[in-house]
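Heads up: the structure comes next, in structure tokens.
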2 protein chains.
Amino acid sequence: MRPPSSTDVARLAGVSQSAVSRTFTPGASVSPETKTRILAAAEELGYTPTALPRIMQTGRSSIVAIVVGGLYNPYFMMALDAFSTSFQAAGNHVMIVRAESDSALDDIVGDLARYRVDAVVSALSIRSQAVADTLTNFKIPVVTLNSGITSETISTVSSDNHGAGELAARLFTERGRRRLGYLAGHDSRPQTDREAGFFAGAEALGQPAPLRAVAGFDYADGRAGALALFGGPDRPDALFCVNDLVACGAIDALRDELGLRVPEDVCVIGYDDIAMASWGAYRLTSFNQDIPALLRGVEAILAGTVSERAILVPPRLIERATAGWPPPPS
Amino acid sequence: MRPPSSTDVARLAGVSQSAVSRTFTPGASVSPETKTRILAAAEELGYTPTALPRIMQTGRSSIVAIVVGGLYNPYFMMALDAFSTSFQAAGNHVMIVRAESDSALDDIVGDLARYRVDAVVSALSIRSQAVADTLTNFKIPVVTLNSGITSETISTVSSDNHGAGELAARLFTERGRRRLGYLAGHDSRPQTDREAGFFAGAEALGQPAPLRAVAGFDYADGRAGALALFGGPDRPDALFCVNDLVACGAIDALRDELGLRVPEDVCVIGYDDIAMASWGAYRLTSFNQDIPALLRGVEAILAGTVSERAILVPPRLIERATAGWPPPPS
DNA sequence: CTGAAAGCGCTTACAG
DNA sequence: CTGAAAGCGCTTACAG
């Protein structure tokens, strides 16, 4: 019981299979009469042409794969939403692949290669040269977000995490804060860059080295991390968090568990500018990664209209109440 | 410059194309020696077999499509995460399709039919019989979430929205609340059912008809809706919201703009049990749709291990601070 | 175990 | 404008 083919339609309409093919190929030449007859036959059989033979013929599937490592962070949603909408608008289909860890990336891309996807965009970064080499062998264009390694086929588009970290340190300093704190995520490229930028910025401004605790990437991690960081005698008066989820958790812990006020006692800055950052309960100052710009970078690379293999996108600082007022001179 | 084919590998290894095919078919018979030779040749050429011919041959693509209407709601994330993870674990690939509106569903499925997807799961509901008829013609299994219409090929798995609405009314009543309010979403199946259940429950319990305002589905809608609903003289003392995003917006507006306490002045219940519902700033009582159960329903339908075309999943009430204490006798 | 051949359902020159 | 035929890259009986 397989779906009807163009041959089935041709038989019913009393024409050649080629005629049927042309009828469903925009711009191909078919006389109005035969076209009508063919469409009627197709309708009767419930015929829908397969895209598969064309993909085999052309080698282009019009499928782009997006690899994500977990969808709990609303930031991934925003990115996925923007990317899939744009790719679809350009006539592509989007395959989404959930990966447990970035070390699985070579297996995943190998699997994707069997479907002849045109490109893969990965929210997971490539962390070893071995994986990069394997990926390169597949000869399918890979664009990673917030990653580092590049190759003949691997490019990367990143938020300027380091620059944002520096800016956070400067902002706190301009607000008169002297005891900076940092809540880190698990080891990863963006985490490392944000932290390095923050520490470098603090040092350049003559600040003592920020206090630091490892949290993670989720709300609960932020709560626990804040408790750990504020458990000692020398509490920070300014806190930069690896992302907004962690910042929200930290703020709630600061307020509910430690009785501290934000921003009076502790200034807080996050990263990603997720929807919740603007919610009344938080009003979190944050860095917006500028997803449209990230997307433009990815599209430029895939379209080949740009020669760089690494594009850095400056994030936009979104000022809200948690970092205190007035805004710094800009 | 197309990727190497099995024929290329065969030529290099000095064997037939069939032998190459068998080498990459688990369980097929090839002698260890030729297999080794073929794998070496494949390695040298960077050969990856295409899945396309097999799809053509078998008619099964192992691709299931998930149609979503916008990813702003963390609930969609949780669902997408659970569904895609499970489908992948079962050896399928997931295509994600963003749709602007449910009226586009027939075009979308038509497009998907060209890729011979095995099934489509839609977060968008089918709202007209015409669309249902078109979909049915494609003969590809469609499972909609929280929808209504079914057909030979269309099934639906829903949270028991009506039952949850009734339960919300009962809970408020048991908490001694007498002026119920409802914040509605835009017209849609789950919205209608939740509201109808809430009103029916209120009536059955001898409550006056709840006050009502149309909000929408997002945080800002909740804020505006709460302001509208509480703008009059007769303010509700209990508020059921079409979803958690709306409930969070309403709570913030109640607290920040109207100076009301939650739950002392107003009890609030939401729907979806998104991550933010459990955050310290909200502690929102909500209905958890039980995504694993929803998923089991979808899988049972697609596997054909169940004959129903409409499965109703009871949601789980998650009690938190916003609906007041103590919990109702259960 | 191995190879030649047909076939999956289209597209694309090529004739007519 | 229309049809016969080759070809995309595999899988799958069928012989050997």
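Each chain gets a letter, A, B and so on, in the order the sequences are listed, and its residues count up from 1. This structure is a prediction, so every number in the text was calculated from the model and none was measured.
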Determine the contact category for A:Ser21: base if any of its heavy atoms lies under 4.0 Å from a base atom, sugar-phosphate if only primed atoms, P, OP1 or OP2 are that close, otherwise nothing.
base
Strand DNA chain D as a dot-bracket string - pairs counted if Watson-Crick or G-U with both distances under 3.5 Å, | where the partner lies in another strand:
|||.||||||||.|||
Enumerate all atom pairs, one protein N or O and one N or O from nucleotides 6-9 of chain D, separated by less than 3.5 Å.
residue, atom, partner, partner atom, Å
D:dG7, N2, A:Gln57, OE1, 3.1
D:dG7, N2, A:Gln57, NE2, 2.6
D:dG7, N3, A:Gln57, NE2, 3.1
D:dC8, O2, A:Gln57, OE1, 3.0
D:dG9, OP1, B:Arg2, NH1, 3.0

So, are A:Arg127 and A:Asp187 salt-bridged, with charged N and O less than 4.0 Å apart?
yes
For A:Phe217, which residues count as a ring-ring contact (aromatic ring centres under 6.0 Å, His included) partner, sequence neighbours excluded?
A:His186
Measure up the A:His93 and B:Tyr115 rings against each other and bin them: parallel (under 30°), tilted (30 to 60°), perpendicular (over 60°).
tilted
For nucleotides 14-16 of chain D, give me every protein contact, N/O to N/O, under 3.5 Å, one pair per line with atom names.
none

For the pair made of CZ in A:Arg11 and P in D:dG3, what is the distance, rounded to whole Å?
15 Å
May I ask you to evaluate whether B:Ser29 reaches the phosphate of C:dT2, defined as a side-chain N or O under 4.0 Å from OP1 or OP2?
no
What is the distance from CZ of B:Phe24 to P of D:dT12, rounded to the nearest Å?
16 Å
Between the side chains of A:Thr34 and A:Ser31, does any donor sit under 3.5 Å from an acceptor?
yes
Quick one, A:Ile154 and A:Arg309 - any side-chain contact, counting heavy atoms below 4.5 Å?
no
What residues form a salt bridge (Lys or Arg N to Asp or Glu O under 4.0 Å) with B:Glu100, not counting sequence neighbours?
B:Arg98
Considering all heavy atoms of both residues, which atom of A:Leu124 and which atom of A:Thr144 are nearest to each other, and what is their separation?
O-CG2, 4.0 Å
Between A:Thr36 and A:Pro32 (side chain of the first, backbone of the second, donor and acceptor by atom type, cut-off under 3.5 Å), is there such a pair?
yes
Donor-acceptor contacts, no H, no angles, side chain residues 61-74 of chain B, under 3.5 Å, sequence neighbours left out:
residue, atom, partner, partner atom, Å
B:Ser61, OG, B:Ile63, N, 3.1
B:Ser61, OG, B:Arg116, O, 2.7
B:Asn73, OD1, B:Tyr75, N, 2.9

Report which part of the nucleic acid B:Thr34 touches: base, sugar-phosphate, or nothing (heavy-atom distance under 4.0 Å, all strands).
sugar-phosphate
If you compare every side-chain N and O of A:Ser18 against the phosphate oxygens of D:dG3 (OP1, OP2), does one of them come in below 4.0 Å?
no
Taking every heavy atom of A:Thr150 against every heavy atom of A:Ser155, the minimum-distance pair comes out as CG2-CA, 4.3 Å
Check whether any side-chain N or O of B:Ser16 sits under 4.0 Å from OP1 or OP2 of C:dG3, and answer yes or no.
yes
Between the CG atom in A:Leu145 and the CD1 atom in A:Ile291, the distance rounded to the nearest 0.5 Å is 9.0 Å
